[in-house]
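Worksheet: one structure, shown below.
When reading the values below, keep in mind they use all heavy atoms of this one structure, side chains included, and skip hydrogens, waters and symmetry mates. Note on naming: letters A, B, ... go to the chains in the order of the sequence lines (proteins, then strands), and numbering restarts at 1 for each one. None of these values were measured; they are calculated from a predicted model.
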Amino acid sequence: MAATSIKQLLAGSIATGNAVTAQGWVRSRRDSKGGFSFMAIHDGSSFDAIQAVVPAELDNYQEEVLQAGVGCSVKISGQLVASQGKGQAFEIQAQSVEVIGWVDDPESYPIAKKRHSFEYLRTVAHLRPRTNTFGAITRVRTVLANAIHNYFFDREFQWINTPLITASDCEGAGELFRVSTLDLSNLPRTENEAIDFSRDFFGEESFLTVSGQLNVESYCMALSKVYTFGPTFRAENSNTSRHLAEFWMVEPEIAFADLNDDADLAEDFLSYLFKTVLEKCEDDLAFFNQFVDKTCLERLQAVADKSFVRMDYTEAVDILEKTKKKFEYPVKWGIDLQSEHERFLCEEHVGAPVIVMNYPKEIKAFYMRMNDDEKTVAAMDVLAPGIGEIIGGSQREERLDVLQARMAEQGVGDELWWYKDLRRYGTVPHAGFGLGFERLISYVTGMENIRDVIPFPRTPGNAPF
RNA sequence: UCCGGAUUAGCUCAGCGGUAGAGCAGUUGACUGUUAAUCAAUUGGUCGUUGGUUCGAUCCCAACAUCCGGAGCCA
């Protein structure tokens, strides 16, 4: 008989008395001298386990059922019945229990039936999905990824699969990983002893992308509403709870739009995502709210209700200068906001997500649109309490002459000729932003370390699984 | 990369200049429609690595490694 997912078994849509089969992994077994054992079985489809009541009369009860501990995989067939005990509505009255896979050595099985620290679980990243926490994170991650695609699909955005390999090293977002097939122990050289990249795979130096934005702009200039959603790579030596060397990013780009349209999109998008996860991950979020972060649900609801505050950079600096709070880094107009400043703004001053707009041009990238004051550019950061910058975006410079001047200022070379072409042929005001997918999940779940919201985190000195 | 902190049983931690302890897990038994079950007994450790100080180092010192927190970079 085909197995039914535990989510379905617990949903109440199958009439009691029906024959069912569940398959999954044992979370716990409790033996009763009343002549049966209770087995809690997980298969990842839901937060809750299903309980199987296994009678001692089964042929393999002594030899197998009583030996099947935490982590063993099993297939259990029987009748779905209303539970006599508290804690679950339904359970399986087992008629057969087949142990599919044993746990070699229960004492050294890394995932014991107890609380483990997240630091420890990172060292067993291949087994940590078996815990409540990582199962819940995985389901939330899936719901959010789907919600992202659904949001854009419903609003006539096209999903653009921008390349992961790029020859441009000037995308302005940090250090790049080199992509090469050259023999490192025998590098080809040019006449003046430089490495001869013309003999490399792509005929020039190439790298893993740090952003799909420049490429997605080209599709935006034809399809109007587009987005990328995929992995991104940064070779920064960043050792923090908010950075990964490999992470996923969502980057929408909209044509015929300015910075305010961009901020509207960011706000509506986040609000939709949070509403969706509140609706679809009730059990998992209840778990996070109880064991990981007591303010989790409250915070999600606040963002779902769109309680964003918008302010100009200039206004933000003004607030920071006037507050009595002492900062390690003094504030003055022209500096980039430090973590402590961003935290003060969204955590203490406002107590909700803040969108800071129109930053000094000196501290922002070449492609951001120059404002009329010629001192600021149309950039925005969405700052979230507890996370910091969750979104960074801008209106793009659509005027060829201004863009060229900015590129020259920042030393960006000719390899972006195609990017300039977009301003030469039917240019249009447009804007977009980048949302760090893992930062979003951190914010939603309350998980403090970004290494715990991606299945196999890559950080400096660390890619073991 | 910089500044702090940590590294002792499978896990979480306590401890002390005279070579070690608890809780949980595991194992065994008792008990029970149980559900982080309970109760009893019990196994289990070159105290991160390498040097140094000392009669003697797990403890003090130094370097290194790894991890954590904060900062920078950013998403």
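- A/Phe308 does not carry A/Arg310 over the face of its six-membered ring by the limits of under 6.0 Å from the centre and within 45° of the normal.
- Put simply, CG on A/Asp262 is 13 Å from P on B/A75, counting in whole angstrom units.
- Nucleic acid contact class of A/Val53 (heavy atoms, under 4.0 Å, all strands): base.
- Across the C1' atoms, B/G5 and B/A9 are found 23 Å apart, a figure rounded to whole Å.
- The phosphate of B/A36 (OP1 or OP2) has no side-chain N or O of A/Arg27 nearer than 4.0 angstrom.
- Each of A/Gly436 and A/Tyr109 lies near RNA chain B, and the nucleotide nearest A/Tyr109 is the one positioned closer to the 5' end.
- Here B/G72 is the nucleotide among B/U34, B/G72, B/U12 with the atom lying nearest to any side-chain atom of A/His243.
- The closest donor-acceptor contact from the side chain of A/Ser83 to the backbone of A/Gly85 lies under 3.5 Å.
- When heavy atoms are screened at a 4.0 angstrom cut-off, A/Phe247 is found touching base atoms of the nucleic acid.
- Within 4.0 Å of A/His116, counting heavy atoms only, lie sugar-phosphate atoms of the nucleic acid but no base atom.
- Of the candidates B/A75, B/G69, B/C73, the closest approach to any side-chain atom of A/Glu389 belongs to B/A75.
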Salt bridge (Lys or Arg N to Asp or Glu O under 4.0 Å) between A/Arg128 and A/Asp452, worked out: CA-CA 10 Å; A/Arg128 67 179 184 171; A/Asp452 297 326; 3.2 Å; yes
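- Ranking B/A71, B/G33, B/A75 by closeness to the A/Ile450 side chain, first place goes to B/A75.
- A/Glu340 contributes no side-chain N or O that forms a donor-acceptor pair with the base of B/G70 under 3.5 Å.
- Side-chain N/O atoms of A/Arg234 and base N/O atoms of B/A75 include a donor-acceptor pair closer than 3.5 Å.
- For B/U1, its base sits under 3.5 Å from the side chain of A/Asn239 at one donor and acceptor pair at least.
- Phosphate proximity of B/G70 to A/Ser241: present, with a side-chain N or O under 4.0 Å from OP1 or OP2.
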Test log, rule salt bridge (Lys or Arg N to Asp or Glu O under 4.0 Å), inputs A/Asp283 and A/Arg139: CA-CA 10 Å; A/Asp283 289 357; A/Arg139 286 182 294 273; over 6 Å; no
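- Distances shorter than 4.0 Å separate none of the side-chain N or O atoms of A/Gln51 from OP1 or OP2 on B/U34.
- Using atom P as the reference point in both B/A71 and B/G17, the two lie 36 Å apart (nearest Å).
- Nearest nucleotide to the side chain of A/Gln93, out of B/C68, B/C73, B/G33: B/G33.
- Heavy atoms of A/Leu440 sit nowhere under 4.0 angstrom from any nucleic acid atom.
- RNA chain B is contacted by both A/Gly434 and A/Gly87; A/Gly87 maps to the nucleotide lying nearer its 5′ end (nearest heavy atom per residue).
- At a cut-off of 3.5 angstrom, counting only N and O atoms as typed in the model, there is a donor on one side and an acceptor on the other between the side-chain of A/Gln88 and the base of B/U34.
- Partner A/Met370 forms a side chain to side chain contact (heavy atoms under 4.5 Å, CB included) with one of A/Gln395, A/Arg406, A/Lys375 and no other, that one being A/Arg406.
- Separating the CG atom of A/Leu337 from the P atom of B/A75 is a distance of 14 Å, rounded to the nearest angstrom.
- Looking only at atom types and distance, the side chain of A/Arg30 has no donor-acceptor partner in the side chain of A/Ser32 under 3.5 Å away.
- If you check every strand for non-hydrogen atoms under 4.0 Å, A/Glu91 touches a base.
- The same atom, P, is picked in B/C64 and in B/G56; the two are 26 Å apart, to the nearest Å.
- When heavy atoms are screened at a 4.0 angstrom cut-off, A/Ser117 is found touching the sugar-phosphate backbone but no base atom.
- For A/Ser339 against B/G70, no side-chain N or O and base N or O form a donor-acceptor pair under 3.5 Å.
- When heavy atoms are screened at a 4.0 angstrom cut-off, A/Asp48 is found touching no nucleic acid atom at all.
- Using a 4.0 Å heavy-atom criterion, one finds that A/Ser83 contacts the bases of the nucleic acid, with or without backbone contacts as well.
- Looking at A/Ser238, its side chain comes within 3.5 Å of the base of B/C73 through a donor and an acceptor atom.
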Salt bridge (Lys or Arg N to Asp or Glu O under 4.0 Å) evaluation trace for A/Arg141 with A/Asp284: CA-CA 11 Å; A/Arg141 194 178 163 104; A/Asp284 294 318; over 6 Å; no
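- Looking only at distances, a side-chain donor or acceptor of A/His341 sits under 3.5 Å from a matching main-chain atom of A/Gln338.
- Across the P atoms, B/C2 and B/A63 are found 13 Å apart, a figure rounded to whole Å.
- With both ends at atom P, the span from B/U42 to B/U49 equals 30 Å, rounded to whole Å.
- The nearest whole Å value for the distance from the NZ atom in A/Lys33 to the P atom in B/G29 is 9 Å.
- You won't find any donor-acceptor pair under 3.5 Å spanning the side chain of A/Arg451 and the base of B/C67, going by distance alone.
- In this structure, A/Ser37 reaches neither bases nor backbone, as no heavy-atom distance under 4.0 Å exists between it and the strands shown.
- Rounded to an integer number of Å, the gap from CE of A/Met39 to C1' of B/A37 is 16 Å.
- The side chain of A/Asn449 contributes no N or O atom lying less than 4.0 Å from OP1 or OP2 of B/C67.
- With both ends at atom C1', the span from B/G21 to B/G15 equals 7 Å, rounded to whole Å.
- Side chain to side chain, A/Glu251 and A/Thr228 meet the donor-acceptor criterion of an N or O pair below 3.5 Å.
- If you check every strand for non-hydrogen atoms under 4.0 Å, A/Phe36 touches a base.
- Between the CZ atom of A/Arg122 and the P atom of B/U7 there is a distance of 18 Å, given to the nearest Å.
- Rounded to an integer number of Å, the gap from A/Ile111 CD1 to B/G26 C1' is 15 Å.
- Under the 6.0 Å distance and 45° angle rule, A/Arg130 does not count as a cation-pi partner of A/Tyr109.
- Using modelled atom types and a 3.5 Å distance limit, the side chains of A/Thr376 and A/Asn371 yield a donor-acceptor pair.
- A gap of 11 Å separates the C1' atoms of B/G72 and B/C3, to the nearest Å.
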Intra- and interstrand pairs of RNA chain B - dot-bracket, Watson-Crick/G-U under 3.5 Å, | marks other strand: (((((((..((((....[..)))).(((((.......))))).....(((((..]....))))))))))))....
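- The nearest whole Å value for the distance from the CD atom in A/Glu342 to the C1' atom in B/G72 is 12 Å.
- Residue A/Asp31 is classed as a base contact, given a heavy-atom separation below 4.0 Å to a base.
- Side-chain contact between A/Arg439 and A/Glu389 is present, with heavy atoms from C-beta onward closer than 4.5 Å.
- Residue A/Ile335 contributes atom CD1, which lies 10 Å from atom P of B/C73 at whole-angstrom precision.
- Using atom C1' as the reference point in both B/A62 and B/U54, the two lie 16 Å apart (nearest Å).
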